[in-house]
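Data block below; observations after.
These values consider heavy atoms only, across backbone and side chains, with no hydrogens, waters or symmetry-generated copies. Indexing begins at 1, ligand by ligand and atom by atom, following the structure's order.
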Amino acid sequence: MCGIVGYVGHRPALDVVLGGLRRMEYRGYDSAGIAVLDGGELTVERKAGRLANLEAQLDKVGRETMSGTAGMGHTRWATHGAPIDRNSHPHRDTTQRVAVVHNGIIENFAGLRAELEADGVEMASDTDSETAAHLVARAYTDGDTKGDLAASVAAVCRRLEGAFTLVVTHADEPDTIVAARRSSPLVVGVGEGEHFVASDVAAFIEHTREAVELGQDQLVVITREGYEVTDFHGDAAQAKPFTVDWDLSAAEKGGHEYFMLKEIEEQPEALANTLRGHFESGRIILDEQRISDQDLRDVDKVFVVACGSAYHSGLVAKYAIEHWTRLPVEVELASEFRYRDPVLDRDTLVVAVSQSGETADTLEAVRHAREQKARVLAVCNTNGAQIPRESDAVLYTHAGPEIGVASTKAFLAQIAANYLVGLALAQARGTKYPDEVAREFAELEAMPAAVRKVLSTVEQTRDLGRRIADSRAVLFLGRHVGFPVALEGALKLKELAYMHAEGFAAGELKHGPIALIEEGLPVVVVMPSPKGRAVLHSKLVSNISEIQARGARTIVIAEEGDETVRPFADELIEVPAVPTLLQPLVSTVPLQVLAAEIARARGYDVDKPRNLAKSVTVE
Ligand code: F6R
């Protein structure tokens, strides 16, 4: 939550920072702001609302007022203080010489604020972040940190509690930007005669793919010539350089109206890239495997912890992992996990699934699991993010950058990665013979083509979306792996179209929710294959006829050629036949398309749903 960018180099900082903010807006869009250093002058512009509002303001004041080749910017997801101009970042100290942008929450800000106010400082905003600007200004004018911006920022960081990334400038050090992090993301971009800091490499990918990942409690000073990493005590520290394996085109819309529509189309590649390299010499290979084969053999229970769509990917995987490994699998919302004293020990494997690798709820669940001595394996889409860093092993989903706030390609990639974890466990524990593991992997490898086929037929789903866009609510039903798909379909519709939507296990309907059915209510039913689990199929056919009899408008996602279901389907969306456990990879796609199209028809921004942000770094 909140996107930050900092730059020192040879180009106009305003252009570089605005370009970066455009690609950071997925992290929050409550306000945007920018500070540019020019010689000894610090100029700040900030505005509530989307980046477009800031750009309009810049046009009004004249962009030439912000010339200079060092600067920083911020795009906000509000935590402390309403999303209004004065709470927008950058925040400055009372002398207006120091500017700060912040991502995260300073948990001890109330005490710090009281201390500053007792000192006569008048706060200009309601934010926790502003305290950092005043504290840095004080440190810069006093004591052994006097006149040293890096030392001043380090001293302030030592006093802060909570999660934060800070980027700080001082008008007296015009060619320097200082940034620091604790439990919030920060990467450095290394260019020729220019350096960047940002929440995410997408901010500077058009200028360089060479990056450095900062560790916990590290601080970096960037100048035109280089960068220097220390800890919060000023001692030199090691940071990890890496080369980004995607380029600008991945972070651009590429002719699509919305990122989400592009990302839906990228799902076959996301799946293929996630699977690539994970089956060699007849064995499943995970990435950074710091859990030994013996440890995997000793696992006696699996937890999947995650939030939102990632949680749904865990619910899907439970069916496969239990089936393949005969281990009990519990899937838990990360935000609930550590508060209910789950039974964990060194033979428990906790799989933490997170696209961003930053989600605070999931990170805290990881920390709790490790404190209880459980092994933690992260499934993550973001190289070097905090969750994989704090885990014992990591399996990266190579879905590429996901910029639309609603998860699509990352979700499918998470299912595939979770399945790889299941197969790795089955392989280590010997619950599947090598030829069976090879067969399951080959079936997974066939999925990009199946998803491509679904994508070639979505026009009908779009048309349906437009026709039902005025509905008051939509229900989603499924059984077995179709149940989490129903939950995911409902989540997509809620977050994108602001429509009441709920997913149910179809068998539960008669225990209450069937009372919701009324004339014309659209109900989406995710059918299992008639060949795979015939009993499930026939039960679901009965459930559809029950709701149809009560007036529901049935929208049925079914396998090609499933004629038995046709009489019960007011609308039939066909998907290719695939093995039962892999059906979520095809049946989710029409639900994503449906939600996006309904949202478009209702006039909403599909990429930036209200109140949401892509990385949720608060609990
Ligand atoms: C829904 C969505 C969210 C995320 C959730 C977890 O479309 O995107 O529900 O899935 O916030 O995020 P990560 O995977 O980054 O931990």
Side-chain angles (χ1 to χ4, degrees), residues 1 3 26-28 77 183-185 199-200 202 258-261 263-264 267 270 274 304-317 331-337 350-366 376 378-391 394-397 399-418 476 484-485 487-498 501 503 588-589 591-596 599 604-619:
M1 279 168 168
Y26 73 89
R27 301 180 65 89
W77 189 86
S183 300
S184 275
S199 311
D200 176 340
Y258 289 107
F259 279 108
M260 184 185 166
L261 305 181
E263 288 158 6
I264 288 174
Q267 294 187 108
T274 298
V304 182
V305 290
C307 306
S309 295
Y311 167 72
H312 296 156
S313 84
L315 290 177
V316 170
V331 187
E332 179 112 14
L333 288 169
S335 53
E336 291 293 317
F337 184 69
V350 173
V351 182
V353 186
S354 174
Q355 187 282 130
S356 60
E358 292 178 41
T359 303
D361 292 314
T362 312
L363 179 59
E364 291 304 332
V366 166
V376 179
V379 169
C380 183
N381 196 41
T382 313
N383 205 296
Q386 194 67 16
I387 289 171
R389 295 169 77 92
E390 295 201 20
S391 300
V394 54
L395 177 53
Y396 283 111
T397 49
E402 191 178 64
I403 292 167
V405 163
S407 188
T408 52
K409 61 177 178 172
F411 173 70
L412 255 59
Q414 283 163 347
I415 296 177
N418 295 346
F476 293 77
V485 172
L487 295 178
E488 177 63 8
L491 177 60
K492 291 279 98 78
L493 196 56
K494 275 184 256 207
E495 64 183 331
L496 294 175
Y498 319 148
T588 303
V589 177
L591 304 190
Q592 297 166 339
V593 172
L594 191 69
Y604 301 136
D605 182 335
V606 173
D607 283 338
K608 300 191 189 87
R610 70 183 175 205
N611 304 335
L612 292 174
K614 185 88 185 148
S615 323
V616 188
T617 51
V618 293
E619 272 193 79

Point to revise | Backbone of Pro401 reached by a side-chain donor or acceptor of Asn381 within 3.5 Å | key: no
Ordered by chain then number, the protein residues lying under 4.0 Å from ligand 1 by heavy atom are Cys307, Gly308, Ser309, Ala310, Ser354, Gln355, Ser356, Thr359, Val405, Ala406, Ser407, Gln414, Leu491, Lys492, Glu495
Does Ala596 offer a backbone N or O that forms a donor-acceptor pair with the side chain of Tyr258 under 3.5 Å?
-> no
Tested for side chain to side chain donor-acceptor pair (under 3.5 Å) against Ser309, the lone hit among Glu495, Lys492, Gln414 is Lys492
In short, Tyr604 meets Leu496 closest at the heavy-atom pair CD1-O, 3.7 Å
task = Using modelled atom types only, decide if a donor and an acceptor are shared between the side chain of Thr382 and the backbone of Gln355 within a distance under 3.5 Å.
result = yes
- prompt: Would you call the rings of Phe411 and His312 parallel, tilted or perpendicular if under 30° counts as parallel and over 60° as perpendicular?
  reply: perpendicular
